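Below is one structure; the comments refer to it alone.
Residue numbers start from 1 in every chain, and the chains themselves are labelled A, B, ... in the order their sequence lines are given, proteins ahead of strands. Remember, it's a predicted structure, so these values are computed and weren't measured experimentally.
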Protein chains: 2
Amino acid sequence: MTSHRPRTRRLSDPTIGRLPLYQRIVNEFAQNGTERIESLTIAERTGITATTVRRDLAGLGPFGTRGAGYDVAQLNERISVALGHDRSYSVILVGIGNLGQALINSSNFLIRGATLAGLYDVDPAIIGTLIAGHVVRSIEEPLQHATVGVICTPASVAQSVADRMVAAHIPAILNFSPSVLQVPIGTKVQYVDLSIELQVLVFHLLNSVNFADMQPSLRPATPVTDIPPRS
Amino acid sequence: MTSHRPRTRRLSDPTIGRLPLYQRIVNEFAQNGTERIESLTIAERTGITATTVRRDLAGLGPFGTRGAGYDVAQLNERISVALGHDRSYSVILVGIGNLGQALINSSNFLIRGATLAGLYDVDPAIIGTLIAGHVVRSIEEPLQHATVGVICTPASVAQSVADRMVAAHIPAILNFSPSVLQVPIGTKVQYVDLSIELQVLVFHLLNSVNFADMQPSLRPATPVTDIPPRS
DNA sequence: ATTTGTGAAACCGTTCACAGCA
DNA sequence: TGCTGTGAACGGTTTCACAAAT
């Protein structure tokens with residue numbers, strides 16, 4: 001027993017989310033020929049505290065050198081293994097609109113380990129064309145099996161696309177459409193809402209004290225209904 | 001004293017991030033003509049627990065009816081006010097590539113309250129064209145003032161774009177490029193990395209026990225260097 | 001009976017402070 | 001001396017359990 005697989009099972013979601021950030025910096029250093037890097041350097045470049053960086057990296061197994069930082073090559077390797085970049089997985093993408101194309105062409109969406117296994121759309125004008133070296137297929141065709149299915153369609157058809165992904169035994173779905181999907185247990189779904197960060201940003205801005213200093217045209221345009229204090 | 005503004009100041013970031021999700025469900029109910037909705041219903045449709053839903057909504061001021069749920073119209077209104085949809089703010093967008101166009105055309109990126117105040121790009125082929133009713137301007141022109149500046153450019157030019165947004169007194173920046181920005185204190189920056197959710201999803205999938213049940217082609221392709229247990 | 005609203009406990013992630021090593 | 005690694009304290013969010021309200 002005792003599977004052969006890592007300790008990495010214990011990494012928290014926030015940590016996993018930060019690893020790609022660290023790797024970006026590490027890659028820059030690797031290309032510069034620098035051999036060692038310190039947690040403080042990574043911290044300054046990412047805006048994350050040095051302590052958190054060290055906690056995260058310690059979770060990959062202790063391999064830094066006290067007094068001398070981390071070996072750049074080894075750090076890069078460890079992060080890659082933790083993120084599964086050394087394993088291969090395949091991705092299909094349904095909905096080749098602006099967002100779909102943005103993802104396909106993005107330098108850091110399909111990174112090491114990922115193989116683009118299929119592109120699907122409804123638009124006859126796009127079907128058959130080559131995008132990033134892949135022929136766009138009709139959504140009518142049966143979906144190719146893959147590790148992850150990415151949905152970039154309008155919300156109205158997202159559920160039907162998800163159903164077909166489930167039918168094709170695709171175990172994980174990344175949903176960029178603003179819709180909640182019903183899937184059988186066992187299928188993992190991750191949602192990405194491009195508007196949420198904007199909403200959080202606007203919320204903080206509108207509630208910040210400095211907002212009154214801004215240009216008149218930017219201040220509240222409508223009288224605001226106050227939420228009354230406890231009755 | 002006692003500013004005229006809401007209690008909403010106290011909402012946590014996770015709560016703010018969930019409000020748009022609740023609102024989606026609430027809007028569906030409103031369109032169906034349903035008048036009341038329960039926390040459990042919202043919970044089932046969003047995958048969030050009912051208790052968390054109630055905590056979040058209680059933060060908007062208690063207005064549910066015990067035994068009978070929430071009034072759909074009122075709930076919708078409260079969420080809108082909390083998110084600032086009743087106040088107006090303006091947005092400029094720099095980098096009108098696939099991602100930029102996806103955001104502009106997305107039904108839920110620029111929601112109520114937001115005004116698109118300007119589009120900028122470097123590409124002469126795009127400059128001057130109309131997108132969503134707005135003329136794309138040259139990035140050479142001085143940036144229009146706005147509440148939020150959205151960066152959809154490659155990482156290599158993101159910092160220079162941010163500098164120009166700061167010069168135009170834009171107080172908040174939403175950065176979709178994979179780069180960390182240096183801005184003066186007082187300027188708020190929010191980062192969005194489209195690849196992170198994919199990485200988190202793949203991480204969970206690769207580390208899940210069911211992974212072994214999958215098709216052979218999807219299992220690890222390369223022997224994996226194990227991270228050694230503590231020395 | 002049903003569902004909200006909320007103290008209190010449990011949980012999780014970050015930060016502090018410093019011990020451990022090179 | 002310098003920087004990593006980590007126990008312990010902290011702060012914040014979620015969950016539990018139940019009282020309050022209709």
Pairs under 3.5 Å (N/O, protein and nucleotides 19-22 of chain C):
residue : atom : partner : partner atom : Å
C:dG20  : N3   : A:Arg66 : NH1          : 3.0

Apply side chain to side chain contact (heavy atoms under 4.5 Å, CB included) to [X] and list each qualifying residue two or more places apart in sequence or on a separate chain.
X: A:Ala73; value: A:Asp71
X: B:Ala50; value: B:Ser39, B:Leu40, B:Ala43, B:Arg54
X: A:Ser179; value: A:Ala155, A:Ala158, A:Asn175, A:Ser177, A:Leu181
X: B:Glu197; value: A:Leu174, A:Gln190, A:Val192

Quickly work out the [X] [atom1] to [N] [atom2] distance and round it to whole Å.
X: A:Ile16; N: C:dC12; atom1: CD1; atom2: P; value: 14 Å
X: B:Phe63; N: C:dT6; atom1: CZ; atom2: C1'; value: 16 Å
X: A:Tyr22; N: D:dT4; atom1: OH; atom2: P; value: 12 Å
X: B:Gln74; N: C:dT4; atom1: CD; atom2: P; value: 14 Å
X: A:Tyr70; N: D:dG2; atom1: OH; atom2: P; value: 18 Å
X: B:Leu11; N: D:dT13; atom1: CG; atom2: C1'; value: 14 Å
X: A:Leu57; N: C:dT14; atom1: CG; atom2: P; value: 13 Å
X: A:Asp56; N: C:dG13; atom1: CG; atom2: C1'; value: 10 Å

Which residues satisfy the side-chain hydrogen bond (donor to acceptor under 3.5 Å, both in side chains) test with A:Asn76, sequence neighbours excluded?
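A:Asn76: side-chain hydrogen bond (donor to acceptor under 3.5 Å, both in side chains) contacts with A:Gln23, A:Asn27.
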Does [X] reach the side chain of [Y], with side-chain heavy atoms less than 4.5 Å apart?
X: A:Lys188; Y: A:Ile173; value: no
X: A:Met165; Y: A:Val189; value: no
X: A:Leu83; Y: A:Ile16; value: yes

For the side chain of A:Pro14, counting heavy atoms from C-beta on, which of C:dG5, D:dG5, C:dT14 is nearest?
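Nucleotide nearest to A:Pro14's side chain: C:dT14.
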List the residues meeting salt bridge (Lys or Arg N to Asp or Glu O under 4.0 Å) with B:Glu28, not counting sequence neighbours, and say none if there are none.
B:Arg45
State which residues pass salt bridge (Lys or Arg N to Asp or Glu O under 4.0 Å) with B:Arg18; sequence neighbours excluded, sorted by chain then number.
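Result, salt bridge (Lys or Arg N to Asp or Glu O under 4.0 Å) vs B:Arg18: B:Asp56.
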Between A:Arg18 and C:dG13, is there a side-chain N or O to OP1/OP2 distance below 4.0 Å?
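For A:Arg18, the contact criterion (side-chain N or O under 4.0 Å from OP1 or OP2 of C:dG13) is not met.
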Main-chain N/O of B:Ala68 paired with B:Thr65 side-chain donor or acceptor, under 3.5 Å:
no
Any donor-acceptor pair under 3.5 Å from B:Thr147 side chain to B:Ser90 backbone:
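Yes, B:Thr147 side chain to B:Ser90 backbone: donor-acceptor pair under 3.5 Å.
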Quick note, ring-ring contact (aromatic ring centres under 6.0 Å, His included) partners involving residues 15-70 of chain A, not counting sequence neighbours, are A:Phe63-A:Tyr70
Indicate whether the side chain of B:Asn32 and that of B:Thr34 have a donor and an acceptor atom separated by less than 3.5 Å.
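Distance-only check fails for B:Asn32 and B:Thr34.
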Give, ordered by number, those residues of residues 24-45 of chain A having at least one heavy-atom distance below 4.0 Å to an atom of DNA chain D; if nothing qualifies, reply none.
A:Glu38, A:Ser39
Anything under 3.5 Å between a protein N or O and an N or O of nucleotides 15-18 of chain D, put it in a table, one pair a line.
residue : atom : partner : partner atom : Å
D:dT15  : OP2  : B:Thr49 : OG1          : 2.9
D:dT15  : OP2  : B:Thr52 : OG1          : 2.9
D:dT15  : O4   : B:Arg55 : NE           : 3.1
D:dT15  : O4   : B:Arg55 : NH2          : 3.0

Angle, rounded to 10°, between the helical axes spanning five pairs at each terminus of the helix from C:dA1-D:dT22 to C:dA22-D:dT1?
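That helix gives 0° between its end axes.
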